[in-house]
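Data block below; observations after.
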Amino acid sequence: MRAMVMEVPGQPLKEKKLPIPAPTGKQVLVKIIACGVCRTDLHIMDSELNQPKLPLIPGHEIVGTVVQLGSNVEKLKVGDLVGIPWLGFACGYCKYCRREQENLCENALFTGYTMDGGYAEYTVAFEDFCFILPSIYGNPSGAPLLCAGLIGYRSYTMAGPNAEKIGLYGFGAAAHILIQVALHQGKEIYAFTRDGDIDSQKFAKKLGATWAGDSTITPSAPLDAAIIFAPVGSLVPKALKDLDKGGSVVCGGIHMSDIPSFPYQLLWEERMVRSVANLTRKDGLEFIALAAQVPVKTETTLFPLEKANEALAAVRDGQVQGAVVLVM
């Protein structure tokens, strides 16, 4: 199979011809249709997440078809359309798994980080950590749901059910999915972009944002919650300034630059700052059902597999609206 491989962090991926992996036990072999390109992939390549499997096939927003079963597979069958997310395995017995926090599992494996991912024509995955996808997502449009959508959804649930006015800081892949879910549920969305990014602001307004502007600007109304997708620590005190009393700032990224100090006054009146780590399978089941109900439509820019380095550069530079996806 063809695969794009990271051999050394900080260096471009290399196109390789590798043997097709064989599923064992409760694993399935999946023929990949498409794989989304996520900013987390850049964090891995830049050594901001510094414990990857090496060599590594990145990618954790995978849509594909099951083509072979391991000896102990019970739930999936050949021909099933599946999505493979960031959380590739959880042990089920550590203290976090026992209290329904498998996203914090002490023995977790992560797709495209500690196990090979989707920048390839085939991959293996544990059946219990694959999601059956509706047929409408059996194409490149489904790939961004597997991370941008899932992490966006978990961040959204952390904002709380009473949040009506929600700010999204960084209007990229996750935000363009989440705005559709939030509007479907009657929320108001305030979109914050890089300063001067008029195109992204227009995109947000086109999707139904109540307000869109530079991240340095005060929005037109106090927010009940703020979700930060941009990996920029200085947005945390800015988001606190934008919050109403009792509001929450939810940091949705896996890596962020340092958060500068800020006066306690910004946090007072029961404002809260929290992070989101990974996802649970419960998140996935809920979100995929909801996405099909809305239905969520993703805006994608497609690159062939061999152009993965160019696709990563497009994500790094914020050159595209919506999501970037590799197609096989």
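If you read the sequence from its start, that first residue is 1, and numbering goes on from there.
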So that I can tick it off, tell me whether [Y] and [X] are bridged by a salt bridge, with the cut-off set at under 4.0 angstrom between side-chain N and carboxylate O.
| X | Y | answer |
| --- | --- | --- |
| Glu7 | Lys16 | yes |
| Asp199 | Lys202 | no |
| Lys75 | Glu127 | no |
| Arg271 | Glu269 | yes |
| Arg154 | Asp283 | yes |
| Lys245 | Asp224 | no |

Validation row: [X], [Y] side chains within 4.5 angstrom (heavy atoms):
| X | Y | value |
| --- | --- | --- |
| Val273 | Ile259 | no |
| Phe171 | Leu207 | yes |
| Leu267 | Leu240 | yes |
| Ile189 | Leu168 | yes |
| Ile177 | Pro144 | yes |
| Leu305 | Met4 | yes |
| Pro304 | Leu326 | no |
| Thr218 | Lys241 | no |

Answer yes or no for Arg281 and Phe129: cation-pi contact, defined as NZ/CZ to six-membered ring centre under 6.0 Å and angle to ring axis within 45°.
-> yes

State whether the side chain of [X] and the backbone N or O of [Y] hold a donor-acceptor pair below 3.5 Å, judged by distance alone.
| X | Y | result |
| --- | --- | --- |
| His60 | Phe110 | no |
| Thr301 | Val320 | no |
| Thr300 | Ser141 | no |
| Glu61 | Pro85 | no |
| Lys205 | Thr210 | yes |
| Asp80 | Lys77 | yes |

Angle class for the Trp86/Tyr113 ring planes (parallel below 30°, perpendicular above 60°, tilted otherwise)?
-> parallel

Please report the interatomic distance [atom1]([X]) to [atom2]([Y]), rounded to the nearest 0.5 Å.
| X | Y | atom1 | atom2 | result |
| --- | --- | --- | --- | --- |
| Ile217 | Lys238 | CD1 | NZ | 8.0 Å |
| Ile228 | Leu235 | CD1 | CG | 5.5 Å |
| Ser257 | Glu48 | OG | CD | 9.0 Å |
| Leu150 | Leu87 | CG | CG | 10.0 Å |
| Phe126 | Ile84 | CZ | CD1 | 11.5 Å |
| Ile254 | Ser275 | CD1 | OG | 10.5 Å |

Are [X] and [Y] connected, step by step, through hydrophobic side chains (Ile, Leu, Val, Met, Phe, Trp, Tyr) whose heavy atoms are closer than 4.5 Å?
| X | Y | answer |
| --- | --- | --- |
| Ile32 | Val66 | yes |
| Leu178 | Val232 | no |
| Val327 | Ile136 | no |
| Leu109 | Leu279 | yes |
| Ile33 | Val324 | yes |

Looking just at side-chain N and O atoms, do [X] and [Y] make a donor-acceptor pair shorter than 3.5 Å?
| X | Y | answer |
| --- | --- | --- |
| Thr216 | Asp214 | no |
| Glu102 | Thr280 | no |
| Asp242 | Tyr190 | no |
| Tyr156 | Gln185 | yes |
| Asn103 | Tyr96 | no |
| His255 | Asp46 | no |

More than 12 non-hydrogen atoms from neighbouring residues, nucleotides or ligands closer than 6.0 Å to CG on Asp258, yes or no?
-> no

Would the number of heavy atoms belonging to other residues, nucleotides or ligands and lying under 6.0 Å from NZ of Lys53 be above 12?
-> yes

Do the ring centers of Trp211 and Phe192 come within less than 6.0 Å of each other?
-> yes

Among Val124, Leu69, Thr65, Val67, which one satisfies side-chain contact (heavy atoms from CB on, under 4.5 Å) with Val28?
-> Leu69

Considering all heavy atoms, the nearest [X]-[Y] contact:
| X | Y | value |
| --- | --- | --- |
| Gly92 | Arg98 | O-CG, 4.5 Å |
| Phe303 | Ala314 | CZ-CB, 4.1 Å |
| Gly59 | Cys35 | CA-SG, 3.7 Å |
| Gly233 | Pro237 | O-CD, 3.6 Å |
| Ser234 | Pro260 | CA-CD, 3.6 Å |
| Ala291 | Leu145 | CB-CD1, 4.4 Å |

CA sep, side-chain torsions, deciding dist, call: Gln11, Met45, side-chain contact (heavy atoms from CB on, under 4.5 Å) = CA-CA 7 Å; Gln11 298 296 315; Met45 294 184 67; over 6 Å; no

Please walk me through it: do Lys31 and Glu121 pass salt bridge (charged side-chain N to carboxylate O under 4.0 Å, His left out)?
-> CA-CA 6 Å; Lys31 188 177 191 305; Glu121 293 177 316; over 6 Å; no

Derivation and outcome, side-chain contact (heavy atoms from CB on, under 4.5 Å), residues Ile288 and Leu133 = CA-CA 7 Å; Ile288 289 168; Leu133 294 180; 3.8 Å; yes

For Leu312 and Tyr119, run side-chain contact (heavy atoms from CB on, under 4.5 Å): C-alpha distance rounded to whole Å, both residues' side-chain angles, the deciding distance at 0.1 Å, then the answer.
-> CA-CA 11 Å; Leu312 286 160; Tyr119 289 17; 3.7 Å; yes

In sequence, state the C-alpha distance, the side-chain angles, and the governing distance for Ser155 and Phe229, and then conclude on side-chain contact (heavy atoms from CB on, under 4.5 Å).
-> CA-CA 9 Å; Ser155 301; Phe229 294 120; 4.2 Å; yes

